[in-house]
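Both backbone and side-chain heavy atoms feed into the values below; hydrogens, waters and symmetry mates do not. Whatever order the structure lists them in is the order used to number ligands and atoms, beginning at 1.
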Amino acid sequence: MLRYLPIFVRFLFFINRMSSIQALQSFLQTPQKIVVTSHYNPDADALGSALAWGLYLRKKGHEVHIAMPSESPHFLSWMPGIETVMAYEGPANRQQIGQWMAEATLICCLDFSGLGRVNDMENLLRQSQAPKLMVDHHLQPEDFATFVVHDTKAAATCELIYDLIEQLGDKNLIDHDIALCIYAGLMTDTGSFRHPTTTPRSHQIAAEIIDLGVNTNRVHRLIFDTSSYERLQFLGYILTEKTRYLPEYRTVYMTISEAEQRRFHSQTGDTEGIVNYGLQIKDVVMAVLIIERRDGVKLSFRSVEEFAVNTIAKEHFGGGGHKNAAGGKIEKATLVQTEQQLLAILPQYKTQLLAVE
Ligand code: 5GP
Ligand code: MN
């Protein structure tokens, strides 16, 4: 009997999801005032899902505002509708976003499911009485939303948005621009369709997006081949001067200070993806980037196969994430202290690190 339990649990999840979608569908029958938001330091999945969902909702006749906890990276400045996105920075923007939130009849939280991921906007969300929609694929969601579309097996929130629009019966409304935004998130969150999270569904959606006329080669170039010369030099500097390889732990880590970011005129988003270079070394299981930010030290973890970095992020660095891509933050620590902390915990993971095939 027990062996049917997982199937039964999945069935319950399925029923729950369908009822959430039906409830959302009837809620969206009347025009709403909607705020769409996503996590701090929005990436292509965060922005792609927010923009695609916003474009769709506007087509349905709703009033939509998109508010992000922080600025968008410049390599995503080409995304359709990005000029309408407001960052929760500076008094004027903060006031405007506060007003949108106060007047909202629906707040959509995309690509995050822990309210801590919106930094300074957390209280606005907690205090708001408006119903919330959560669309996300991260582990351990917080219980704050009225409508929940949550699936940790989805490769990207953009994938969930595509499916959601289809389930709402509006697949015909997915136009070139919506598809373009969805593709950006799907491509980046799957690491260009190579991460183990990539499913047949991810490829099916990509195929349908190509059918809609999206130039996927151009999207790839816009995201990955628009570095400045200085960023490339910064990368070279990090790889030669700031990267430590610890073969005894099959680990690579990098440290970047604020001064170094200033020296290379590093922009928001410039350090995105750098951590992945660590995994290019043969037999490396974990790569870590430790970077100094205005509000503390941020860590990015990447791993391969069964080695779970979200556990490390959660237990030692107040963060979380996915099995193979996670992050954390220490507010009151220096770069060197954080590096020491990482080195101190490595021995307890040595057996697991060495066991990976
Ligand atoms: P990145 O290294 O690209 O900043 O983050 C990788 C993944 O780790 C994100 O998609 C997110 O799931 C997770 N993550 C990053 N930072 C944090 C954090 O501070 N807290 C939590 N819970 N997850 C994080
Ligand atoms: Mn995502």
For residues 275-290, run the donor-acceptor check on the side chains, cut-off 3.5 Å, and write out each pair with its distance to 0.1 Å, sequence neighbours left out.
| residue | atom | partner | partner atom | Å |
| --- | --- | --- | --- | --- |
| Asn276 | OD1 | Arg302 | NE | 3.4 |
| Asn276 | ND2 | Gly273 | O | 3.3 |

Original post:
Will you find, in the side chains of Ser26 and Gln29, an N or O donor that is under 3.5 Å from an N or O acceptor?
Top reply: no

**OP:** Before accepting this row, confirm whether a basic side-chain N of the pair Asp163/Arg201 lies closer than 4.0 Å to the acidic partner's carboxylate O.
**Re:** yes

Original post:
Once you round to the nearest 0.5 Å, how far does OH of Tyr88 lie from CE of Met101?
Top reply: 8.0 Å

**OP:** Answer yes or no: is there a side-chain heavy-atom contact under 4.5 Å between Val297 and Thr334?
**Re:** no

Original post:
What distance separates Ile223 CD1 from Arg218 CZ, expressed to the nearest 0.5 Å?
Top reply: 11.0 Å

**OP:** At a cut-off of 2.8 Å, list the protein N/O/S atoms near the Mn ion (ligand 2), residue plus atom name.
**Re:** Asp45 OD2, Asp111 OD1, His137 NE2, Asp189 OD2

**OP:** Answer yes or no: is there an ion pair linking Lys350 with Glu248, defined by an N-O contact shorter than 4.0 Å?
**Re:** no

Original post:
Can you list the residues that meet the ring pair (Phe, Tyr, Trp, His ring centres under 6.0 Å) rule with His220, with sequence neighbours excluded?
Top reply: Phe224

Original post:
Around atom CD of Glu83, are there more than 12 heavy atoms of other residues, nucleotides or ligands at under 6.0 Å?
Top reply: yes

Subject >> Residues in contact with ligand 1, criterion: heavy atom under 4.0 Å >> reply: Arg117, His138, Lys298, Ser300, Arg302, Gly319, Gly320, Gly321, His322, Ala325, Ala326, Gly327, Gly328

